[in-house]
Each structure stands twice: as structure tokens, then as C-alpha cells.
Amino acid sequence: MAHPHKKAISDMSSASLIGVIEESKMTYVRENLSIFLHENQIKLLKQVKKHEKPHHKKIRIKQFEKAKKDDLFNLHLGLYMKKYEKLAKLGLIVVDKQPNNGLEYDCTLTSKGIEVLDEINNLESEWEKVVGITDDAKEVLKGIALNSFEISYKHKKKQGFIF
């Protein structure tokens, strides 16, 4: 018997297919992760790791300097802090509300946060095998990702990297 969604999937746009694939990956990770995290918490945890890199800190400092001039800055800061504080309560990150580096706040991964990120990466690799992503398919995806990155990078650049 054919899969009940085969026809629907065959008629989907590329954008919809990408959404189905992303949802599948996230569902697989969340179902198999040793700790309960919402999708946005997983993404935020990955951002903390990315923001620990020195060149990303420099970019963030420039972003904060520009953003402080915006009336909505404190509102956005409060919203972000709530999200980070939830990860801190889980013991995944430490939030420094008064760093001495030009930022309004800074976050670092704890050893537990690093372990969870490693687990997420391992689950994403497992998922690739489960869904049958071959080396050839991965090369095609890399090409698409490079082309896609240009769109978002140009947008961020136009926004002065405040997003």
C-alpha cells in the first residue's frame, strides 16, 4: 500500500517540502532528547554556542550599540532575558546580566548545556540516516544552503545586523 501522503507530498512546493523536512528533524530530536525542550529553546541553545565565538561577540556589541537607540530596546531585552532565564533554570546556560564586555547581557553554556548540544547534534546525525540523506543529497543541500544564505545575509546587512 502506498503512503497516504505520497500524492500530497508530490504536489508540494519546494518551500513546503523544506518545512516538512525541518519539522521531521525537530520532531525526531525532541522525541529522543533526554531533556524536554521546546523547539525555540533548542534553537536558542544553539545560538548561545554561536554567540560564544569572539567574532560573533564583536557583532553583538555593535548590534547592542545601535539597538539601544530604539525605544523598543528594553521591551525586546526583557523578552529575550525571559527566554534565556528559562534555559538557565534548566542548568543549560549561565546568564551574566552585567558583563564587562560591552553587552547588556551575555550567556555561556554550562557543562550540561554542552552535553545537551552534543546530544542534539548526535540525534540530528541519526535522523539523517533514518530519513536516508545520502552524501549526494547532502552536497545538493549544501549548494542550496549557500544560495539561501546570501538572501538572509544581504537582508541582515541592510538592517545593520540588528534583527
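For clarity, every value in this text was computed on a predicted model and none was experimentally measured.
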Please check if atom [atom1] in [X] has more than 12 non-hydrogen atoms from other residues, nucleotides or ligands closer than 6.0 Å.
X      : atom1 : value
Asp11  : CG    : yes
Glu23  : CD    : no
Glu150 : CD    : yes

Within this structure, what is the [atom1]-[atom2] distance for the pair [X] and [Y], rounded to the nearest 0.5 Å?
X      : Y      : atom1 : atom2 : result
Asp96  : Tyr84  : CG    : OH    : 13.5 Å
Ile120 : Leu45  : CD1   : CG    : 5.5 Å
Lys25  : Ile133 : NZ    : CD1   : 9.5 Å
Leu141 : Glu128 : CG    : CD    : 8.5 Å
Glu22  : Ile18  : CD    : CD1   : 10.0 Å

Between Gln41 and Leu87, which heavy-atom pair has the shortest distance, and what is it? CB-CD2, 3.9 Å
Over all heavy atoms of both residues, which pair between Leu123 and Tyr28 is shortest? Give the atoms and the distance, please.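 Here Leu123 and Tyr28 meet closest at O-CE2, 3.4 Å.
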If you group Ile, Leu, Val, Met, Phe, Trp and Tyr by side-chain heavy-atom gaps below 4.5 Å, do [X] and [Y] land in one group?
X      : Y      : result
Val48  : Ile35  : yes
Val140 : Val131 : no
Leu33  : Leu44  : yes

Set out, in order, the CA-CA distance, both residues' side-chain angles and the distance that settles side-chain contact (heavy atoms from CB on, under 4.5 Å) for Glu139 and Lys142, then state yes or no. CA-CA 5 Å; Glu139 288 305 312; Lys142 285 178 187 178; 3.2 Å; yes
Ion pair check, [X] and [Y], cut-off under 4.0 Å:
X      : Y      : value
Glu115 : Lys112 : no
Lys46  : Glu124 : yes
Lys97  : Glu85  : yes

Determine whether [X] and [Y] make a side-chain contact, defined as any pair of heavy atoms from C-beta on separated by less than 4.5 Å.
X      : Y      : result
Ile93  : Val95  : yes
Ile151 : Ser148 : no
Met26  : Glu31  : no
Trp127 : Asn32  : no
Leu92  : Leu109 : no
His51  : Cys107 : no

Once you measure the plane-to-plane angle for His38 and Phe36, does it fall in the parallel (<30°), tilted (30-60°) or perpendicular (>60°) bin?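 If you compare the ring of His38 with that of Phe36, the planes turn out perpendicular.
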Is NZ or CZ of Lys83 both nearer than 6.0 Å to the six-membered ring centre of Tyr80 and within 45° of the ring axis? yes
Kindly indicate, with the supporting measurements, whether the criterion side-chain contact (heavy atoms from CB on, under 4.5 Å) is fulfilled by Leu90 and Leu37. CA-CA 10 Å; Leu90 294 170; Leu37 292 176; 3.6 Å; yes
Any donor-acceptor pair under 3.5 Å linking the side-chain atoms of Thr108 with those of Glu52?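 Absent: no donor and acceptor within the cut-off.
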Do Thr27 and Ser24 have side-chain N/O donor and acceptor atoms under 3.5 Å apart?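 There is no such pair between these side chains.
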The test is side-chain contact (heavy atoms from CB on, under 4.5 Å); show your working for Glu39 and Lys43 and say whether it passes. CA-CA 6 Å; Glu39 181 176 342; Lys43 291 177 181 178; 3.3 Å; yes
Is Ser16 reaching over with its side chain to a backbone N or O of Met12, donor-acceptor style, under 3.5 angstrom? no
